Student: 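Can you keep this structure in mind? I'll have questions shortly.
Atoms within each ligand, like the ligands themselves, are counted from 1 in listed order. Everything quoted here is computed from the prediction, not taken from an experiment.
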Amino acid sequence: MDGAVGATQCPIPSSGEMTYKFRAQPAGTAWYHGHYLDQYTDGLIGPLVIRRQVEPNQEQYDTERILMVSDWYNDVARTKLLSWFLSAKNTEGFEPIPDAIIVKGKFSQSLFVQTFGVTRIRFRIINAAAFSMYTVSIDGLPLHIIELDQTPLVPYTVFSFSINVAQRVSFYVNLKEFDQTHVPSDVSSTKSIYIRFKANSEMYPVDIDSYIAPYATPCLPYPIFFNPLYLAILSLDSSNSMPTYPVNQVTTGSSNLGSEDSEDVNILRARPFYQANNKVPDATHYLKLVITFHQDSLNITRGYINNVTYGAAANNPSHKPGNPKCITSDKVPLLYQMATTPNGLGIPSPIMTSDSRLPVIQSDGCGHYLVPYQAVVDIRLQNTDEGEHPFHLHGHHFWIISTSDNPQAEQLYRGAYIKRDVVSVPGSGWVKIRFLANNPGAWLFHCHIEWHMDAGLLLAFLVGPNELVAQGYTIAANQKRFCQ
Ligand SMILES: [Cu+2]
């Protein structure tokens, strides 16, 4: 589980099947999706909620709703969009712009969320988009945040929050806290209110209001012009009636809650529910990673981590095999290579360097990094790009130590940092994260914007190859067959 084609397996062939066995932990809100080419952009996704017997904060709500938001593209991403995106025809390196937003598979103003008379509701928001970061709010209602990714929190209150690609946020609302002052005066007659998902349109490289993509198929019976504001309807009386107040007259947010509420990783306000269990170990190793984007020799814009763009058939069908001195994930998954030749991967062990007091994790120069089993690795991820990038680590959850937005968090919360598995790296900024490499295997670390992963903004951590063998890992015969 938490695998990816090229890293842990070959793709499941048409009509084939594979059973994933996994320990259901940590509890919380997750999701599943295909990790081959752009399958998840085309809809191969779903929510996955792991429950505790006693949920933290469960006394605060009586029912719950899952809202999975994603970008909708009129054209097929896995073939048409990807081949355009990574071609010399895309001279500016523009990411394909979504044609619409969908929540639970429905377009704007067609999704009704019923309350059935219950006033205290938990929402689990999952951002399964290929590209967009969203700001989420509900008209006139304070949102009490209780979970980020799979980390339960001491509740804190906002009127809106942002959620980047692949992140999950849980909050509860109490309809009795509905605040009339945020909506027009005739709202007392309304039987429903809007739940808003506002795409952060600054990240799009073009003026989306009038943009027609060069690859667009004009005859498709779907939305042509993108509207960055998605509206779902929270129905207060099960009547499925639309709100009686105008969409644009609502003010969300409240001055007495501060202006920073929309920050994605609000590590200054989010505090772990289980403080005592959250003892953060000291780092034993260090790794600095720098994100850049530039054109390659074919004039195709690619993403680079420490000057390496990861070429893999699983993400980028146009890639050419790289350095023959490196291992490659194109034919045999990295995990299988770790199991068969744990000492022959061609990646140096950590070394001391002049710019770190800790041993530095090394790579083979092709995006494969060797991480000793049980190492506690501090990663400083430096973003030279102006855009914000949601980085996801497979196989582990990491502590967020600090970010360029909140550098003081490192000292302030020493020993009790927030754990997530997706961190939003601020534009032209940095994050510092720490993970305990206690899960032997091949784990991708990548920007979860699908287009950026396609463009090579990923790497693989090979954690504890000898420990993998010592723990008795073997390659299942039926999975080996998928590679032939
Ligand atoms: Cu990115």
Student: Would you sort out whether Thr403 and Asp405 count as a side chain to side chain donor-acceptor pair (under 3.5 Å), showing the intermediate values?
Tutor: CA-CA 5 Å; Thr403 71; Asp405 289 340; 4.8 Å; no

Student: For N/O/S atoms only: which one belongs to His389 and is nearest the Cu ion (ligand 1)?
Tutor: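 Looking only at N, O and S atoms of His389, the one nearest the Cu ion (ligand 1) is named ND1.
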
Student: Return the name of the atom in His452, of element N, O or S, nearest to the Cu ion (ligand 1).
Tutor: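 Answer by atom name: ND1.
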
Student: If only side-chain N and O atoms count, and only distance matters, is there a donor-acceptor pair under 3.5 Å linking Gln150 with Arg168?
Tutor: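 Result is yes, a qualifying pair exists.
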
Student: Heavy-atom count check: over 12 atoms from other residues, nucleotides or ligands less than 6.0 Å from Asn307 CG?
Tutor: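 For Asn307, atom CG is not crowded (no more than 12 foreign heavy atoms under 6.0 Å).
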
Student: When you measure from the Cu ion (ligand 1) to the N, O or S atoms of His448, does any of those distances fall below 2.8 Å?
Tutor: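 No, His448 does not qualify, because none of its backbone or side-chain N, O or S atoms lies under 2.8 Å.
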
Student: For atom CD of Gln374, is the number of surrounding heavy atoms from other residues, nucleotides or ligands below 6.0 Å larger than 12?
Tutor: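 Correct, the count exceeds 12.
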
